[in-house]
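The chain is numbered in sequence order, starting from 1. Computed from a predicted model, the values in this text were never measured in an experiment.
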Amino acid sequence: MAPDLNSLDASFSETRQKLYILSDFHPAAVKYAQSLFDCVLHTDPEAQDWRSNATAILVKDYYIEEKDLLAAPRLRVIGKQGVGLDKIDVEACAKHNVKICNTPGVNAGAVAEMALCLAFSVARSVPQLVLRQRVHGESIRKETISGLLLSKKTLGVVGMGNIGQAVARMFLGGLQARIMAYDPYWPEQSDAWAPIPHKRVHSLDELLKVSDIVTLHVPLTATTKDMIGYKQLSQMKRTAILINTARGGIVNEEDLAQALEEGLIWGAGFDCHTVEPPPLAKYERLWNCPNFVGTPHIAAAVDETQIATINAATDGIWNFLKQNGI
């Protein structure tokens with residue numbers, strides 16, 4: 001929740017803390033941050049010296065390693081747009097008593113819509129048809145095309161957090177999907193999933209074998225890297241669609257290309273790659289698969305979500321500093 005600027009403690013409001021904004025953010029979000037802080041923008045030469053001077057920083061796609069923390073003795077809090085922390089050394093932050101304020105759940109609706117968009121795009125071959133018409137100049141006869149229906153199919157949700165819940169609700173409400181969920185770390189009794197009719201399974205293999213659409217919503221960690229490889233793809237239905245709007249690396253990309261070439265699954269829609277932005281030189285094989293749809297990690301790239309996630313991270317910084325009297 002945004003702080004009430006009218007009720008600030010006088011002692012806190014008289015001295016405006018500096019906030020080093022180290023990424024390029026939406027102008028509306030920058031303006032909001034400037035209403036709370038004395039902001040040093042990433043374009044300001046002073047931003048290069050944040051390690052020496054910063055108490056608080058706001059970042060997006062920015063790596064924070066232990067060497068940065070060692071060089072930043074004044075740093076107390078990092079605001080991180082979005083939920084992913086794979087570019088921040090979380091253990092080192094804990095070791096150096098640096099708070100991380102990320103924004104889980106704020107972008108859930110936008111990512112859920114992207115998962116749905118990718119599923120439809122793959123099921124009906126929309127990008128491929130547009131490419132054939134616009135680029136190759138084909139006149140495509142409709143009777144030569146056969147897609148998949150997504151209504152009343154089984155959706156397998158891997159990762160039962162905020163985004164997984166949002167995707168499940170969207171497929172359930174819009175497509176009357178049957179929901180299966182898998183997450184070895186999610187509490188057995190969860191109020192968040194109680195209103196969502198679903199069957200929880202306790203092995204990934206069980207979910208893969210029966211799902212028509214598999215959608216991934218887990219962080220990239222040592223245990224989730226290459227979670228889906230050729231073996232897992234071989235277990236899926238030949239008419240299955242794999243969706244990844246989480247992180248590149250959760251699915252082995254070479255194995256996926258081979259599986260698509262061999263027709264092991266119907267297709268795949270990815271909003272993330274191991275290399276981002278994804279270059280043609282690396283992904284030509286995968287992108288040449290007609291039933292693969294790839295986008296450059298744009299699920300949250302809508303103004304409303306960008307502003308909301310940045311503002312939430314800014315609020316997190318402001319509340320942390322106020323609560324700790326900094």
Side-chain angles (χ1 to χ4, degrees), residues 1-2 19-33 36 39 41-42 56-65 68 75 77-94 98-118 157-167 170 183 185 192 215-221 224-225 243-250 270-278 294-320:
M1 179 180 294
L19 173 64
Y20 285 73
I21 301 178
L22 303 182
S23 300
D24 185 14
F25 290 123
H26 193 284
V30 172
K31 184 176 180 180
Y32 177 71
L36 299 175
C39 293
L41 303 183
H42 70 102
I57 62 176
L58 182 65
V59 299
K60 180 171 53 178
D61 294 324
Y62 199 97
Y63 284 91
I64 303 292
E65 302 174 351
D68 297 305
L75 187 64
V77 58
I78 300 170
K80 167 62 173 67
Q81 181 192 13
V83 64
L85 298 176
D86 46 296
K87 294 182 179 179
I88 297 177
D89 189 332
V90 176
E91 292 184 2
C93 286
V98 175
K99 172 73 172 178
I100 303 172
C101 298
N102 61 337
T103 58
V106 179
N107 67 348
V111 178
E113 287 189 16
M114 191 67 194
L116 186 62
C117 171
L118 288 170
V157 181
V158 181
M160 297 173 66
N162 292 304
I163 297 174
Q165 294 163 33
V167 174
M170 203 166 286
D183 190 329
Y185 303 105
T215 183
L216 305 176
H217 304 288
V218 295
L220 179 63
T221 66
T224 62
K225 181 174 172 55
I243 302 297
N244 186 6
T245 56
R247 285 290 186 271
I250 295 169
F270 278 38
D271 187 46
C272 45
H273 300 73
T274 55
V275 178
E276 294 184 344
T295 51
H297 216 146
I298 59 166
V302 293
D303 282 355
E304 296 97 325
T305 298
Q306 289 291 300
I307 295 168
T309 52
I310 301 163
N311 287 356
T314 301
D315 290 344
I317 295 171
W318 192 91
N319 288 324
F320 173 83

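When side chains are defined from C-beta on, Ile163 counts as touching Asn107, because their heavy atoms get closer than 4.5 Å. The closest side-chain heavy-atom distance from Asp315 to Tyr32 is below 4.5 Å. Between Leu58 and Thr314, some side-chain heavy-atom pair lies under the 4.5 Å cut-off. Put simply, the side chain of Lys225 reaches to within 4.5 Å of the side chain of Leu220, judged on heavy atoms. Taking the side chain as every heavy atom from C-beta outward, Asp61 and Ser23 never approach each other to under 4.5 Å. Inter-residue side-chain proximity for Cys101 and Val77 is flagged as met; some heavy-atom pair is nearer than 4.5 Å. Counting heavy atoms from C-beta outward, Leu116 and Val167 have side chains that stay 4.5 Å or more apart. Within the 4.5 Å cutoff, the side chain of His297 has heavy atoms near those of the Arg247 side chain.
Interatomic distance, Phe25 CZ to Thr309 OG1, rounded to the nearest 0.5 Å: 8.0 Å. A distance of 11.5 Å separates OG1 in Thr215 from CE in Met114, rounded to the nearest 0.5 Å. To the nearest 0.5 Å, atom CG of residue Asn311 and atom NZ of residue Lys31 are 12.0 Å apart. In this structure, NZ on Lys60 lies 12.0 Å from CG on Leu22, to the nearest 0.5 angstrom. Atom NZ of Lys99 is separated from atom CD1 of Ile78 by 11.5 Å, given to the nearest 0.5 angstrom. Atoms CG and CD1, from Asp89 and Ile64 in turn, are 10.0 Å apart once rounded to the nearest 0.5 Å.
Without hydrogens or angle criteria, His273 side chain to Val275 main chain gives no donor-acceptor distance under 3.5 Å. Counting only distance, with no hydrogens or angles, the side chain of Thr103 and the backbone of Ala313 share no donor-acceptor pair below 3.5 Å. Looking at Gln165, its side chain does come within 3.5 Å of a backbone N or O of Met160 through a donor-acceptor pair. Counting only distance, with no hydrogens or angles, the side chain of Thr224 and the backbone of Pro219 share a donor-acceptor pair below 3.5 Å. Between the side chain of Glu113 and the main chain of Ala110, no donor-acceptor pair closer than 3.5 Å is present. Between the side chain of Asn102 and the main chain of Val83, a donor-acceptor pair closer than 3.5 Å is present. Side chain of Gln306 to backbone of Ala300: a donor-acceptor contact under 3.5 angstrom is found. With hydrogens and angles ignored, the 3.5 Å screen pairs a side-chain donor or acceptor of Asp271 with a backbone N or O of Ile298.
Listed here is the closest heavy atom pair of Val218 and Gly159: CG1-CA, 3.7 Å. When all heavy atoms are compared, the tightest approach of Ala33 to Ile21 is CB-CD1, 4.1 Å. When all heavy atoms of Ala246 and Leu216 are compared, the pair lying nearest together is CB-O, 3.6 Å. A pairwise comparison of heavy atoms in Ile88 and Cys93 identifies CG2-SG, 3.8 Å as the closest pair. In plain terms, the two heavy atoms of Asp183 and Gly161 that are nearest each other are OD2-N, 4.5 Å.
Using modelled atom types and a 3.5 Å distance limit, the side chains of Tyr62 and Asp68 yield no donor-acceptor pair.
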Review point. Hey, mind stepping through Gln81 and Val59 against side-chain contact (heavy atoms from CB on, under 4.5 Å) and telling me if it holds?
Key: CA-CA 6 Å; Gln81 181 192 13; Val59 299; over 6 Å; no

Practice item. Report the C-alpha separation of His217 and Val157 in whole Å, then their side-chain angles, then the decisive distance to 0.1 Å, and conclude whether the side-chain contact (heavy atoms from CB on, under 4.5 Å) test is met. Key: CA-CA 7 Å; His217 304 288; Val157 181; 4.3 Å; yes

Point to revise | Stepwise side-chain hydrogen bond (donor to acceptor under 3.5 Å, both in side chains) check, Asp86 with Tyr63 | key: CA-CA 9 Å; Asp86 46 296; Tyr63 284 91; over 6 Å; no

